[in-house]
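For reference, positions follow the sequence shown, starting with 1.
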Amino acid sequence: MAVNLLDFDLEGLAAFCESLGEKRFRATQLFRWVHQKGASQFDDMSDLAKSLRDKLRGHAEVRALPVITQHISADGTIKWLFDVGNGDAVETVFIPESDRGTLCISSQAGCAVGCRFCSTGHQGFSRNLKTWEILAQLWFAEHFLRSHLGVSDRVISNVVMMGMGEPLQNYAALVPALKAMLDDHGYGLSRRRVTVSTSGVVPMMDRLGEDCPVALAVSLHAPEDSLRDNLVPLNRKYPLKELMEACRRYLAHAPRDFITFEYCMLDGVNDHPAHAKLLLQLVKESGVPCKFNLIPFNPFPASGLLRSSNNAVQAFARILVDGGLVTTIRKTRGDDIDAACGQLAGDVKDRTNVGTRISKQRTVMLQQVRDFETRGNDGMRND
């Protein structure tokens, strides 16, 4: 069976070339052809020896993911639905801005974390993507966009692992993909411009810091454990104290001197001024340099949740800013094609009985919201 060359970082490709009896430098040539030039046919790789091209035809291929649909938003955002086989499909989004082009990449078919406000989480989980399936999203998007825009220079300057799935629960496939993105013979992206978003898989945060430190975004969404347990179920395994300690450890290796905390604004759930004050307390006690990115919730029927009002979001942001925290409010992009944050759903065969689990979480969460409003700002849970 032919090996897909998109499955390798440069070191992996060098080992593969050696297995064919070729020198390691051939891997660098091949890597450049595949990633920098977007070549998928070995006959197009003109500076490779014919003997090597013959070997590659017998043992390897460069295979993209089939595109099921492509949608272009009025604001220029592009969303692709890719077929990853066996009835599963994942979504990838390109977000153009005046000073950058950002690609949001999926790491799993579905997601097993089951965050209350995330459309992907409500869909359930099918499987981890392979390295080539992660990297193929970037490979296709970069070379499609060059052709689409009529340019030869690199279009994608930033990658965010914020699509479908929890990247750190697919660690073995993630890291080689990240290394290919960063490699100067591949896409040459800066570590500061590649971001892994996690809901808080603490042991893997530590490993990422050692193996391939890139920018880190943490999906926080609540200032205390009882609320976060229900918004982000992974919090029951890795509560806020452990998560914040892991953030502090990560900064020793990170390319940036702060952690980005993502905070989805949910009407009447986590957007009260008391929540903002608890966030200030959490950050002060943890000592983690950070900035907050407030995300307007993108409603979908199964969530039972509503977007916070603009006034509530602005008031929440003012409390954080007045408390000394850098705070931004994310501009919603791609709403008209369901490409905004939290809307990616793809099409996966759920193996996790997610509907039953989330319906139970919803009942408990709503009760805890009422309890929070009753008791007011009495501080954070200490258990």
Side-chain angles (χ1 to χ4, degrees), residues 90-91 104-129 134 160-171 173-175 178 195-209 214-250 254 259-266 269-270 275 279 282-283 286 288 290-295 297-298 303 305 330 341-346 348 352 354 357-358 361-362 364-365:
V90 301
E91 291 183 330
C104 181
I105 291 179
S106 294
S107 57
Q108 297 177 313
C111 184
V113 176
C115 295
R116 284 278 294 110
F117 45 83
C118 179
S119 182
T120 305
H122 279 252
Q123 191 179 33
F125 175 77
S126 181
R127 67 173 178 87
N128 286 326
L129 297 187
I134 296 172
V160 292
M161 298 301 305
M162 295 182 183
M164 296 171 63
E166 165 54 66
L168 295 187
Q169 289 185 337
N170 189 15
Y171 190 81
L174 172 71
V175 169
L178 293 178
T195 301
V196 169
S197 177
T198 179
S199 50
V201 188
V202 166
M204 296 298 102
M205 290 169 62
D206 289 330
R207 284 190 60 184
L208 186 66
V214 292
L216 190 70
V218 174
S219 296
L220 197 62
H221 309 304
E224 49 94 33
D225 282 313
S226 60
L227 179 56
R228 194 168 190 268
D229 283 349
N230 285 279
L231 290 177
V232 185
L234 191 66
N235 194 71
R236 299 167 193 163
K237 187 170 185 179
Y238 306 113
L240 281 169
K241 186 174 186 298
E242 292 183 30
L243 176 58
M244 300 303 281
E245 289 171 352
C247 289
R248 192 166 58 247
R249 291 192 297 270
Y250 192 85
I259 300 290
T260 298
F261 288 126
E262 309 279 355
Y263 197 95
C264 186
M265 300 295 294
L266 305 170
V269 174
N270 66 352
H275 292 116
L279 282 177
L282 175 67
V283 169
S286 69
V288 175
C290 63
K291 80 169 196 177
F292 273 83
N293 190 11
L294 305 183
I295 304 169
F297 173 59
N298 293 295
S303 70
L305 299 167
R330 178 174 292 174
C341 185
Q343 288 184 317
L344 301 192
V348 305
T352 58
V354 69
R357 290 187 294 108
I358 288 184
Q361 292 170 12
R362 178 179 177 184
V364 175
M365 188 197 74

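Residues Glu166 and Thr198 have side chains that bring a donor and an acceptor to within less than 3.5 angstrom of each other. Defined by atom type and a distance below 3.5 Å, a donor-acceptor pair is missing between the side-chain atoms of Glu262 and Ser219.
Between Arg228 and Glu224 there is no salt bridge, since no side-chain N of the basic residue sits under 4.0 Å from a carboxylate O of the acidic one. Salt-bridge formation is not detected for the pair Glu242/Lys237: no Lys NZ or Arg NE/NH1/NH2 atom is positioned less than 4.0 Å from an Asp or Glu carboxylate oxygen.
Of all heavy-atom pairs spanning Met162 and Cys104, the tightest one is C-SG, 3.3 Å. Of all heavy-atom pairs between Pro223 and Leu282, the closest is O-CD2, 4.2 Å. The minimum heavy-atom distance between Cys247 and Val218, with the atom names listed, is SG-CG2, 3.9 Å. Minimum heavy-atom separation, Leu266 to Leu231: CD1-CD2, 3.7 Å. Across every non-hydrogen atom of Gly200 and Tyr238, the tightest pair is O-CD1, 3.3 Å. For the pair Ser197 and Pro167, the tightest heavy-atom approach, listed with the atom from each and the gap, is O-CD, 3.1 Å.
A heavy-atom distance below 4.5 Å is not found between the side chains of Phe117 and Asn270. The shortest side-chain heavy-atom distance between Phe125 and Val113 does not fall under the 4.5 Å cut-off. Looking at Met205 and Val196, their side chains never come closer than 4.5 Å, going by heavy atoms from C-beta outward. Side-chain contact between Tyr250 and Asp206 is absent, with no heavy-atom pair separated by less than 4.5 Å. Contact annotation: the side chain of Ile105 never approaches that of Val160 to less than 4.5 Å [non-hydrogen atoms, C-beta and beyond].
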Verdict with supporting geometry, Val269 and Leu305, side chain to side chain contact (heavy atoms under 4.5 Å, CB included):
CA-CA 8 Å; Val269 174; Leu305 299 167; 4.0 Å; yes

Let me see the working for Leu243 and Leu220 under side chain to side chain contact (heavy atoms under 4.5 Å, CB included), right down to the final yes or no.
CA-CA 9 Å; Leu243 176 58; Leu220 197 62; 4.2 Å; yes

Could you walk me through whether Met265 and Phe297 satisfy the side chain to side chain contact (heavy atoms under 4.5 Å, CB included) test, starting with their C-alpha distance in whole Å, then the side-chain angles of each, then the deciding distance to 0.1 Å, before giving a yes or no?
CA-CA 6 Å; Met265 300 295 294; Phe297 173 59; 5.7 Å; no

Could you go through Gln108 and Asn170, starting from their C-alpha distance and side-chain angles, then the distance that decides it, and tell me whether this counts as side-chain hydrogen bond (donor to acceptor under 3.5 Å, both in side chains)?
CA-CA 7 Å; Gln108 297 177 313; Asn170 189 15; over 6 Å; no

Give the intermediate values and the outcome of side chain to side chain contact (heavy atoms under 4.5 Å, CB included) for residues Leu216 and Thr195.
CA-CA 5 Å; Leu216 190 70; Thr195 301; over 6 Å; no

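In this structure, CZ in Arg116 is found 10.5 Å from CG in Leu227, a value given to the nearest 0.5 Å. For the atom pair OG (Ser199) and CG (Asn235), the distance works out to 9.5 Å, reported to the nearest 0.5 Å. For the atom pair CZ (Arg330) and CG (Asn293), the distance works out to 4.5 Å, reported to the nearest 0.5 Å. With values rounded to the nearest 0.5 angstrom, Leu168 atom CG is found 8.5 Å from Ser107 atom OG. Taking CD1 from Ile259 and CE from Met244, the interatomic distance works out to 9.0 Å, rounded to the nearest 0.5 Å. In this structure, Leu174 CG and Arg207 CZ are separated by 11.0 Å, a value rounded to the nearest 0.5 Å.
With Ser106 contributing its side chain and Glu91 its backbone, the two residues share a donor-acceptor pair below 3.5 Å. A donor-acceptor pair under 3.5 Å links the side-chain atoms of Arg236 to the main chain of Asp229, judged by distance alone. Checked by atom type and distance alone, the side chain of Asp225 pairs as donor or acceptor with a backbone atom of Leu240 at under 3.5 Å.
Between Phe292 and Phe261, a ring centre-to-centre spacing shorter than 6.0 Å is recorded.
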